[in-house]
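Reading through the structure tokens given below for one structure.
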There are 2 protein chains.
Amino acid sequence: MSGSQLRRSLPIFSIGSVMQLTELSARQIRYYEEHELITPQRTEGNRRLFSLNDIDRLLEIKELLEQGVNLAGIKKLMEVKEQNTAIEAVKQEEKPRRDLSEKELRNLLRSELLQAGKYKSSLRQGDMSRFFH
Amino acid sequence: MSGSQLRRSLPIFSIGSVMQLTELSARQIRYYEEHELITPQRTEGNRRLFSLNDIDRLLEIKELLEQGVNLAGIKKLMEVKEQNTAIEAVKQEEKPRRDLSEKELRNLLRSELLQAGKYKSSLRQGDMSRFFH
DNA sequence: TTTTTCATGTAAGAAAAGCTAACATTTGTT
DNA sequence: AACAAATGTTAGCTTTTCTTACATGAAAAA
């Protein structure tokens, strides 16, 4: 997994932040988790910790709901998408990789997270185009 | 201010997340704030909310402390840096800009935050090189 | 048209995480 | 030794999040 993919799955956002960023209620977010559309990590104290990927998913869910797709349908779509990215991953798989130490990993994650778009600015709309074309 | 600059100053991280990302204690983080090296936002309920810029600063502080610079010195360095970026900003200032609505702004922030390095992977070390060369 | 189902709202009680303030400890300086 | 700077630790309080349960509005099914 590349650095940026690691960064995007780093669990760091509280539900409060996610509410702000997605404009979803806590109830909605928990409900989608209940239906296994997202599976955020937990702290030791059982609080949810969301990654950028989770937020991305939530925005997709929101979009699809607005378009009239129900949760069952969204789940199917997610599964298809999962498969596709899994296939993509396999294609990349033929490259050797060395193991990273705990510390290297943490530093990697950190710099990846922090550099995020620091020197570039690009607007991009949601990822729905992957489903409809 | 460009989208990416806006994104980098979005207050979204709890102190817990910042502790993980920076490997600083809550005490340290609050102490640096007390000495005005960072000024995180607050929630309605008075909890600190940190931006990517805040985290960046904290990492700089940590680095400089390890190099033997005390807080007073770090504060000076920060001020110089502030001035420089302010000057940079002025140079950019000669371009007209239109006002954004609340909603446009929120969407901008969100997509900027979420797209962050989605399709690229680049490692970059801390920003200390701006001070020492 | 009733009755279900789906998605969401709301409330209560408990627990986690964060806040400030105060005092303690460590390390380096005068 | 006395002091200052940076950080640790503790206490009491507040905010946020957790789960669970029940309520509601709109759409789908009967």
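Here is how names work: the chains are called A, B, and so on, in the same order as the sequence lines, proteins then strands, and each is numbered from 1. Note: hydrogens, waters and symmetry copies are ignored here, and every other heavy atom, side chains too, is used.
Straight-line distance from the CD1 atom of B/Ile29 to the P atom of C/dG18: 10 Å, rounded to whole Å. Per the geometry, CE belonging to B/Met19 stands 7 Å off P belonging to C/dG18, to the nearest Å. The interatomic distance linking A/Glu33 (CD) with D/dC18 (P) rounds to 8 Å, in whole Å. Computed from coordinates, the B/Ile15 CD1 to C/dA17 P distance equals 13 Å when rounded to whole Å. We find that CZ of B/Arg30 is positioned 13 Å from C1' of D/dT10, with the value rounded to whole Å.
Note on A/Tyr32: every side-chain N or O is 4.0 Å or more away from OP1 and OP2 of C/dA7. Taking side-chain N and O atoms only, B/Arg42 has a distance below 4.0 Å to OP1 or OP2 of C/dT20. At least one side-chain nitrogen or oxygen of B/Ser14 sits closer than 4.0 Å to the OP1 or OP2 atom of C/dG18. B/Arg48 has no side-chain polar atom (N or O) that falls below the 4.0 Å cut-off from OP1 or OP2 of C/dG18.
Distances were taken from every side-chain heavy atom of B/Tyr31 (C-beta onward) to each of D/dT7, D/dT19, C/dG18; the shortest belongs to D/dT7. Each of D/dA6, C/dT20, D/dA21 was ranked by its minimum atom distance to the side chain of A/Arg27; first place goes to D/dA21. Here the nucleotide nearest the side chain of B/Arg47, chosen from C/dT8, C/dG18, D/dC18, is C/dG18.
Nearer the 5' end of DNA chain C, as judged by each residue's closest nucleotide, is the contact made by A/His35, out of B/Asn46 and A/His35.
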Report task. Let me see the working for B/Gln41 and B/Arg48 under side-chain contact (heavy atoms from CB on, under 4.5 Å), right down to the final yes or no. Result -> CA-CA 6 Å; B/Gln41 300 284 114; B/Arg48 271 165 265 253; over 6 Å; no

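Other residues, nucleotides and ligands place no more than 12 heavy atoms under 6.0 Å from the CD atom of A/Glu36.
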